[in-house]
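To start, the structure under review is shown below, and the notes come after it.
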Amino acid sequence: MARHLVTSALPYINGIKHLGNMVGSMLPADVYSRYLRQRGHDVLYICATDEHGTPAELAAKAAGTSVAEFCAQAHDAQKAVYDGFELAFDHFGRSSSHQNVEITQHFARKLWENGFIEERAISQVYSPVDGRFLPDRYVEGTCPHCGYDKARGDQCENCTRVLDPTDLLEPRSAISGSTELEIRETKHLFLLQSKLQHEVEAWVARHEADWPQLSSSIARKWLTEGLHDRAITRDLDWGVPVPADTWPELAAEGKVFYVWFDAPIEYIGATKEWADAAPDGETRDWKSWWYEADDTVRYTQFMAKDNVPFHTVMFPATELGVREPWKKVDVVKGFNWLTYYGGKFSTSQNRGIFTDAALETLPADYWRYFLIANAPESDDSSFTWEHFAATVNKDLADTLGNFVNRVLSFSRKRFGDEVPAGATAGEAEARLGEEIARLLTEYEEHMDTLQYRKAAAALRALWSAGNSYLEEKAPWLEIKTNSDGAALTLRTAMNLIHLYAIVSEPLIPTSAAAMRGAFSLESDTATWVTPEEAKSLTTIQPGTPFTVQPVLFAKITDEDLESYRERFGGSDA
């Protein structure tokens with residue numbers, strides 16, 4: 001089986017993330033990783049907190065603690081939420097790790113040796129009111145291209161154009177709001193992306209056929225506009241230090257690398273963290289995933305569209321310029337925005353549902369399923385409480401949960417606590433097996449090609465097939481005249497429950513475990529069900545003890561909806 005490296009965009013350290021961040025990176029990466037593991041592949045799923053940059057410094061100052069302490073606490077708080085969402089990282093690291101420092105500095109030295117880094121004196125925005133140079137993201141103003149009045153000095157999040165702070169109209173300090181800004185001279189290191197333009201173009205051309213249109217179009221937009229040399233250092237106290245052995249003057253001034261230079265390198269750094277954290281007696285080879293791995297590893301990245309340019313152009317340029325055989329991404333799965341009643345989820349504006357509040361409100365599987373079933377792939381998608389409730393009630397509570405409950409409850413009532421034997425499978429069971437095999441093949445195809453909404457629809461169709469079979473056979477009527485026939489129907493339905501438990505695990509792992517745990521099997525080592533195996537529906541044999549599980553999914557009532565809207569805001573009216 002293949003080796004699959006999976007990464008999701010690093011969540012920034014300053015606060016708990018919202019649902020838009022979850023569906024745009026970590027959750028689909030987790031679903032894919034779980035699916036690949038079930039299919040028998042060797043998978044390494046890596047993520048980390050992105051801890052450098054001015055926002056971390058300011059958040060620590062507001063909290064009255066050191067940046068290092070703030071980041072450590074925030075990392076643990078984020079990890080707790082991701083554990084609650086059942087995100088099965090192999091390692092969830094930190095970009096402030098010594099491993100990332102070492103590898104980032106190595107990359108910088110190699111780029112310098114190869115002529116792709118240059119030291120330049122530049123004019124930079126300085127705020128006398130704040131008493132500091134302002135990093136790009138802490139200069140705000142109006143985008144000269146689209147007119148958005150909250151554009152940052154590195155990129156306009158509205159039109160995604162890359163900017164310099166001096167491009168902004170009516171610039172102001174994002175820290176104090178002061179418009180009394182000055183331009184002063186200071187020295188910085190520049191990554192000479194312009195010298196790597198043709199190499200990046202050639203690399204994108206070789207890979208973009210495997211990317212969704214969103215990712216390839218964003219990369220092409222950047223390349224068409226032309227790659228510009230970019231400053232990769234900042235005047236901050238917190239970050240990966242510029243190495244003194246290569247740039248003593250800049251190191252003495254306390255320069256650190258720009259967060260967008262070191263953050264993608266943390267994918268490698270976090271893999272080394274994973275290797276270094278191996279328990280006694282276990283050896284983990286981190287380099288085999290990243291170095292000279294083009295022919296042995298398939299690498300898939302997940303991110304929202306604002307992160308796509310940095311992963312399809314900037315980081316590949318960095319890796320190409322190093323002139324070492326570091327693994328480059330094979331597939332970049334980009335996502336559009338998930339909106340909240342038509343407006344953007346926003347950490348800074350506290351708009352929408354944040355992941356910790358989501359888990360306080362309802363179990364993780366409710367959120368996991370809804371988000372994947374409505375993933376913003378081809379275009380933006382909107383979260384409303386009304387849509388969320390309708391999806392949960394129809395798909396999870398009625399289609400899946402009700403099927404499981406009524407099959408197990410009715411069988412126990414009529415045949416006891418063991419799977420009944422009954423008649424030999426007949427024409428209806430043969431038709432059901434063929435339909436399940438067809439739908440399972442469709443589900444696999446969509447999962448393999450990272451088409452999440454279609455995959456969720458295929459899974460929903462699998463669940464619906466069980467209900468259709470149950471309605472066709474009607475064991476509650478059948479038992480009155482044909483007890484063996486009713487037993488066959490229930491035995492077949494129980495096999496469907498077991499199959500659903502296996503194939504639903506990537507989306508709803510907790511509920512899948514509950515379904516699987518209903519049956520007391522001596523050995524249940526199946527990780528997947530092939531379409532051919534699905535035709536027989538005979539895994540659960542007569543005489544197997546089972547238990548009736550608690551209700552898998554409670555319906556969301558009108559009263560629930562009213563309380564959610566009152567707490568979180570939002571209305572279709």
Side-chain angles (χ1 to χ4, degrees), residues 1-8 10-11 13 26 29-52 66-107 240-241 243 262-301 324-327 364 505-506 509-510 512-513 516-517 523-528:
M1 289 293 183
R3 303 177 78 214
H4 286 266
L5 175 64
V6 178
T7 64
S8 50
L10 310 187
I13 195 66
M26 289 173 285
D30 177 73
V31 169
Y32 186 53
S33 297
R34 286 176 176 274
Y35 168 73
L36 290 174
R37 290 188 189 106
Q38 285 185 279
R39 299 299 303 275
H41 297 291
D42 187 6
V43 179
L44 186 65
Y45 176 25
I46 294 293
C47 193
T49 39
D50 181 2
E51 300 188 5
H52 294 137
S66 68
V67 188
E69 183 178 352
F70 169 82
C71 288
Q73 293 173 351
H75 170 86
D76 291 345
Q78 286 198 23
K79 181 60 165 58
V81 172
Y82 304 145
D83 287 345
F85 268 89
E86 299 272 347
L87 300 184
F89 304 115
D90 286 288
H91 187 74
F92 185 69
R94 303 179 58 190
S95 68
S96 60
S97 68
H98 71 84
Q99 291 91 342
N100 192 43
V101 170
E102 293 169 2
I103 297 172
T104 297
Q105 291 179 340
H106 170 79
F107 269 48
V240 174
D262 83 86
I265 297 171
E266 167 59 8
Y267 297 130
I268 306 174
T271 308
K272 190 172 189 302
E273 292 174 51
W274 162 78
D276 292 346
D280 291 344
E282 179 180 342
T283 300
R284 297 172 176 173
D285 182 5
W286 69 274
K287 259 196 170 181
S288 70
W289 291 94
W290 281 104
Y291 203 79
E292 295 182 338
D294 280 340
D295 297 328
T296 59
V297 173
R298 184 165 177 81
Y299 178 19
T300 308
Q301 291 179 336
E324 293 178 336
W326 294 98
K327 176 65 182 176
E505 194 267 347
T510 300
R516 197 160 180 165
S523 177
D524 188 7
T525 60
T527 59
W528 196 250

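- Taken from CZ in Arg94 to CG in Asn100, the straight-line distance is 11.5 Å, to the nearest 0.5 Å.
- Residues Pro506 and Ser33 are not in side-chain contact: their nearest non-hydrogen atoms beyond the backbone lie 4.5 Å or more apart.
- Going from atom OG1 of Thr271 over to atom NZ of Lys327 covers 13.0 Å, rounded to the nearest 0.5 Å.
- Val43 and Trp289 make their closest contact through C-CH2, 4.2 Å (heavy atoms, listed as atom of the first residue, atom of the second, distance).
- A pairwise comparison of heavy atoms in Arg516 and Thr525 identifies NH2-C, 4.0 Å as the closest pair.
- The closest side-chain heavy-atom distance from Gln105 to Val240 is below 4.5 Å.
- Between Trp326 and Phe107, the ring centre distance stays below 6.0 Å.
- In this structure, the separation between NE2 on His52 and OG on Ser95 is 5.0 Å, given to the nearest 0.5 Å.
- Looking at residues two or more places apart in sequence or on another chain, you find a side-chain hydrogen bond (donor to acceptor under 3.5 Å, both in side chains) between His75 and Thr49.
- Between atom NZ of residue Lys79 and atom CZ of residue Phe89 there is a gap of 7.0 Å, rounded to the nearest 0.5 Å.
- Of the N and O atoms on the side chains of Tyr45 and Thr7, not one donor lies less than 3.5 Å from an acceptor on the other residue.
- Between Tyr35 and Trp528, the ring center distance clears the sub-6.0 Å criterion.
- Atom CG in Asp83 sits 12.0 Å away from atom CD in Gln78 (nearest 0.5 Å).
- In this structure, Leu10 CG and Asp50 CG are separated by 5.5 Å, a value rounded to the nearest 0.5 Å.
- Panel note: side chain Asp42, backbone Arg3; no donor-acceptor pair is recorded below 3.5 Å.
- Shown here for Val101 and Pro241, the closest heavy-atom pair between the two residues is CG1-CD, 4.3 Å.
- Listed by chain and number, the residues in a side-chain contact (heavy atoms from CB on, under 4.5 Å) with Glu292 are Pro325 (sequence neighbours excluded).
- Here Phe85 pairs with nothing under the ring-ring contact (aromatic ring centres under 6.0 Å, His included) rule; sequence neighbours left out.
- When every heavy atom of Ser8 is checked against every heavy atom of Met26, the shortest pair comes out as OG-CG, 3.5 Å.
- The two residues Asp30 and Ala88 make their nearest non-hydrogen contact at OD1-N, 2.6 Å.
- Evaluation of the side-chain contact (heavy atoms from CB on, under 4.5 Å) rule for Ala270 yields Ile46, Ala48, His91, Glu266, Glu273 as partners, not counting sequence neighbours.
- By the side-chain contact (heavy atoms from CB on, under 4.5 Å) test, Asp285 pairs with Lys287, Ser288, sequence neighbours left out.
- Residues Trp286 and Tyr291 place their aromatic rings such that the two centres sit no closer than 6.0 Å.
- The two atoms that bring Glu86 and Pro509 nearest to each other are CB-CG, 3.8 Å, heavy atoms only.
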**Request:** Could you walk me through whether Trp290 and Tyr299 pass ring pair (Phe, Tyr, Trp, His ring centres under 6.0 Å), step by step?
**Result:** CA-CA 9 Å; Trp290 281 104; Tyr299 178 19; 5.1 Å; yes

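- Salt bridge status for Asp90 with Arg284: absent, with no side-chain N to carboxylate O gap under 4.0 Å.
- Considering only heavy atoms from C-beta on, Arg39 stays 4.5 Å or farther from Arg34 through its side chain.
- Scored by the ring-ring contact (aromatic ring centres under 6.0 Å, His included) test, Tyr82 finds Phe92 as partners (sequence neighbours excluded).
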